[in-house]
Each structure stands twice: as C-alpha cells, then as structure tokens.
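Report on the structure given below.
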Number of protein chains: 2
Amino acid sequence: MLPMRNSTCPGHRSLCPINLSLEIFGDRWSLLIVRDLIFFGRTSFYDFMHAGERIASNILTDRLKTLEANGIVERRRDESDARRVRYALTEKGIDLAPVLIDMVHWAARHETTAAPPEIVEDMRLNRERFLADIRTRWEG
Amino acid sequence: MLPMRNSTCPGHRSLCPINLSLEIFGDRWSLLIVRDLIFFGRTSFYDFMHAGERIASNILTDRLKTLEANGIVERRRDESDARRVRYALTEKGIDLAPVLIDMVHWAARHETTAAPPEIVEDMRLNRERFLADIRTRWEG
DNA sequence: CCGGATCCGTTTCGATACTG
DNA sequence: CAGTATCGAAACGGATCCGG
C-alpha cells in the first residue's frame, strides 16, 4: 500500500501516481483504439471506424491526435499506397498491453463478455509469451 | 493475440472483451475513486472530495452510485458514528487492483509521476504479496 | 462538519452532412 | 479513405443550499 503521507496528494494532478494516465484512460474511446491495435491488428482510420462501437469520425480524429501527442501511437503514410494512413503503436503504447490484458481478465471474471474463455485462459497462463508476441508483431 | 475472426466484433459493445469495463471506467473519475480505495484507504465522501483532484460533489455522488450499481463498491453507515457513510470495495472492486498496479507501473515508466520509485519497484517485485495485502485489508 | 441535492453556465460529445 | 464542419444533446464543474 502506498504510504498515507501521500493521502494529501497535493494540488496538481501530476503528483499522484495514476493521474497523468487518466488523460488517456479517462475517456471512453482511447483505450478501445489501443485495444484494436494490440488485440486485433487494426491500423487504419477506417478500421477503427468500423470496429463496432460507432465512434464518431470527429471524435476518432481527436483521440488519434491525443494518442499521438502522448507518444502512444505514430501516424504514417502507407508506403505501398500513399492514400492510406497507418497508425502504429510506439514502445509506450505496447507497454499498455499488460493493463489491457488485466482488464480482459477482470471483465471475463466479473462481466458478461463474448471473449472466448479458452483464449482468456490462455492469455492468463501464457501471459509473458502473449506479451512477447505483441511486441514482436509491432517491433518486427 | 485474439483471433482475427473477432475483428468484425459485431454490433453490440458487450461482445468485445474490454468494452463493458469501459462503460464503467470510461470516464475521468471512477478510476480515481477506486485508486483512493485501493491505495490510500480513503472510504468517505469527504475523503474523496478532498483527495486533491477537485471533483464536484454532484459528480462524485453520481460516480459512487454508478460504482455501487455495478457492484464495485458498497455503501454502509459507519457503525460507530451513524452520521458517517463508508464506502467499501467489493470482491469485484478488489479484483481491479492488478489493473491499477499495471497503470502505476506504466505511468512510472512513461510519464512524470511523483510516486516514489522504490515503492513502485517494490510493487513490481512483490506483486503477489502486494495484492494479498490489499485483499486482507478489505476482507479482514 | 458531513453527505449530499439543486441550479446553471460551460465544455464536450455524438450524429449527420460534407470534402479533398 | 481520411478526415472537417455544424449543431443539438449530454455531461461536466462551480456555487450554493440543506438535513442531520
């Protein structure tokens, strides 16, 4: 447990451990985008738009810019097709994988979810390999 | 990695693994309340109000009700002082600790934070004991 | 003093339409 | 395909008030 002297947690939010993360975690969409990148390999504006949760295009634009400004995703032109834009996870973004994995486990245990139980169980038992796979896929 | 057949992720949001979690945590305040409960032992309306992030009282009321409706906290009268109200983590709420711990690690690595590095490192090395301590404190 | 409830101005969101 | 522009709806935040 963090020491109680921190319970004053004075003034500015950056002084508390998980606060700054809340610029990213504290909204309805950012983590879903990161989830799409980590779990589903979605990388384009179009992919995120059609991921199933009906995010509005202006909101998606805004969240992608915020994620980029925070160094979690990178925006690139597709080399083989200059019309397309690709979003890629940075190192910082990849490091969010453990958080998302824990959320999947939590949801699988306490909420109704359609994530196949055997996959969730596999993620739990082989967490390190699972994380390594994600890293390999993004870092090559 | 979750299978690509899931990349269609059809229709309703409850069909995707972490969505339901985001209906609860997709806002700026809920996770901070859970953090206060887990890390700092704050349990009263007054404690949450004065935790440092200046949440408005009406918002706090609303978030506590939502967290209670979702079975993450329980609302009780203080037995020794009937005027006071205490909020306690449920089993479901306690199970969020791994998520928060990962967030603290992530923030410590990638964001500027005042969480003492030695404590963060201790949390990482002794994760299981740390989790057990939280559980003991709430379940007695 | 504690735990809210109510009112109200401001910000943000979300749906739709439109554009290069 | 990858976004802008617009506008009504919803959420937020500050201030104030109120019962115990």
Side-chain angles (χ1 to χ4, degrees), chain A residues 7-9 11-13 16 19 22-33 36-37 40-70 73-89, chain B residues 7-8 11-13 16 19 22-33 36-37 40-70 72-89:
Chain A
S7 63
T8 56
C9 213
H12 194 266
R13 49 178 51 213
C16 282
N19 296 8
L22 286 178
E23 288 187 14
I24 296 145
F25 298 130
D27 86 281
R28 200 183 297 317
W29 298 109
S30 300
L31 268 190
L32 289 178
I33 296 171
D36 285 343
L37 285 159
F40 299 120
R42 296 178 186 132
T43 58
S44 69
F45 194 95
Y46 181 89
D47 290 339
F48 301 132
M49 278 297 290
H50 298 273
E53 286 103 359
R54 303 174 180 278
I55 184 172
S57 59
N58 53 349
I59 303 296
L60 177 56
T61 298
D62 180 79
R63 290 312 120 91
L64 285 169
K65 281 180 182 167
T66 301
L67 287 171
E68 190 183 12
N70 283 284
V73 304
E74 278 177 19
R75 188 179 188 278
R76 303 171 187 160
R77 289 275 161 195
D78 190 318
E79 299 187 0
S80 63
D81 181 352
R83 295 173 308 177
R84 287 182 70 88
V85 176
R86 295 280 174 199
Y87 292 90
L89 282 173
Chain B
S7 63
T8 56
H12 194 268
R13 48 177 50 211
C16 281
N19 295 8
L22 287 178
E23 289 187 13
I24 299 160
F25 301 111
D27 81 280
R28 194 175 250 63
W29 297 109
S30 299
L31 266 189
L32 290 178
I33 295 171
D36 286 342
L37 285 158
F40 299 119
R42 297 179 185 131
T43 59
S44 68
F45 194 95
Y46 181 88
D47 289 339
F48 301 132
M49 279 295 291
H50 298 273
E53 286 101 359
R54 303 173 179 277
I55 184 173
S57 62
N58 54 344
I59 304 294
L60 177 55
T61 298
D62 180 79
R63 291 313 120 90
L64 286 170
K65 282 180 182 168
T66 301
L67 288 172
E68 189 183 13
N70 283 285
I72 291 168
V73 304
E74 278 177 19
R75 188 179 188 278
R76 303 172 188 159
R77 290 276 160 193
D78 190 317
E79 298 187 2
S80 63
D81 181 354
R83 296 172 309 177
R84 286 183 72 88
V85 176
R86 295 280 173 199
Y87 293 91
L89 282 173

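Residue numbers start from 1 in every chain, and the chains themselves are labelled A, B, ... in the order their sequence lines are given, proteins ahead of strands.
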Which whole-number value in Å describes the distance from [X] [atom1] to [N] [atom2]?
X: B:Asp27; N: D:dA10; atom1: CG; atom2: C1'; result: 14 Å
X: A:Phe45; N: C:dT19; atom1: CZ; atom2: P; result: 17 Å
X: A:Arg54; N: C:dG14; atom1: CZ; atom2: P; result: 13 Å
X: B:Arg83; N: C:dG4; atom1: CZ; atom2: P; result: 14 Å
X: A:Met49; N: D:dG3; atom1: CE; atom2: P; result: 11 Å
X: A:Ile55; N: C:dC13; atom1: CD1; atom2: C1'; result: 10 Å
X: B:Ile33; N: C:dG4; atom1: CD1; atom2: C1'; result: 14 Å
X: B:Phe48; N: C:dG4; atom1: CZ; atom2: P; result: 11 Å

So, using side-chain contact (heavy atoms from CB on, under 4.5 Å) as the criterion, who are the partners of B:Arg76 when residues are at least two apart?
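Per chain and number, B:Arg76 pairs via side-chain contact (heavy atoms from CB on, under 4.5 Å) with B:Glu74, B:Ala88.
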Name all residues meeting the side chain to side chain donor-acceptor pair (under 3.5 Å) criterion together with A:Arg77; count only those two or more places apart in sequence or in a different chain, and write none if there are none.
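For A:Arg77 there are no side chain to side chain donor-acceptor pair (under 3.5 Å) partners, ignoring immediate neighbours.
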Could I get the full list of side chain to side chain donor-acceptor pair (under 3.5 Å) partners for B:Asn70, not counting sequence neighbours?
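So B:Asn70 forms no side chain to side chain donor-acceptor pair (under 3.5 Å) with any residue.
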N/O donor to acceptor pairs below 3.5 angstrom from side-chain atoms of residues 56-66 of chain B, sequence neighbours left out:
unit_1	atom_1	unit_2	atom_2	d
B:Thr61	OG1	B:Ser57	O	3.0
B:Arg63	NH1	B:Asp27	OD2	2.8
B:Thr66	OG1	B:Asp62	O	3.0

Can you list everything that forms a salt bridge (charged side-chain N to carboxylate O under 4.0 Å, His left out) with B:Arg86? Sequence neighbours excluded, please.
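Checked B:Arg86 against salt bridge (charged side-chain N to carboxylate O under 4.0 Å, His left out); matches are B:Asp78.
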Name the closest nucleotide to the A:Tyr46 side chain, picking from D:dC1, C:dG4, D:dG13.
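Comparing D:dC1, C:dG4, D:dG13 against the side chain of A:Tyr46, the answer is D:dC1.
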Please pick, from C:dC2, D:dG13, C:dG14, the nucleotide with the shortest atom-to-atom distance to any side-chain atom of A:Trp29.
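Closest nucleotide to the A:Trp29 side chain: C:dG14.
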N or O in side chain of A:Arg75 less than 4.0 angstrom from D:dG3 OP1/OP2:
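Yes, within the criterion.
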Please determine whether a side-chain nitrogen or oxygen atom of B:Tyr87 lies at a distance below 4.0 Å from atom OP1 or OP2 of C:dG4.
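Yes.
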Quick test of your reading of the model: are B:Arg42 and B:Asp47 salt-bridged, counting only N-O distances below 4.0 Å?
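Here B:Arg42 does not pair with B:Asp47 in a salt bridge, since their nearest N and O are not under 4.0 Å apart.
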So, under a plain 3.5 Å distance rule, would you say the side chain of B:Ser57 forms a donor-acceptor pair with the base of C:dA5?
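Flag set: donor-acceptor pair detected.
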Which residues in residues 58-68 of chain A have at least one heavy atom lying under 4.0 Å from any atom of DNA chain D?
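Per residue number, the list reads A:Asn58, A:Thr61, A:Lys65.
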Are the side chains of A:Leu37 and A:Val73 in contact, using a 4.5 Å heavy-atom criterion?
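Yes, their side chains come closer than 4.5 Å.
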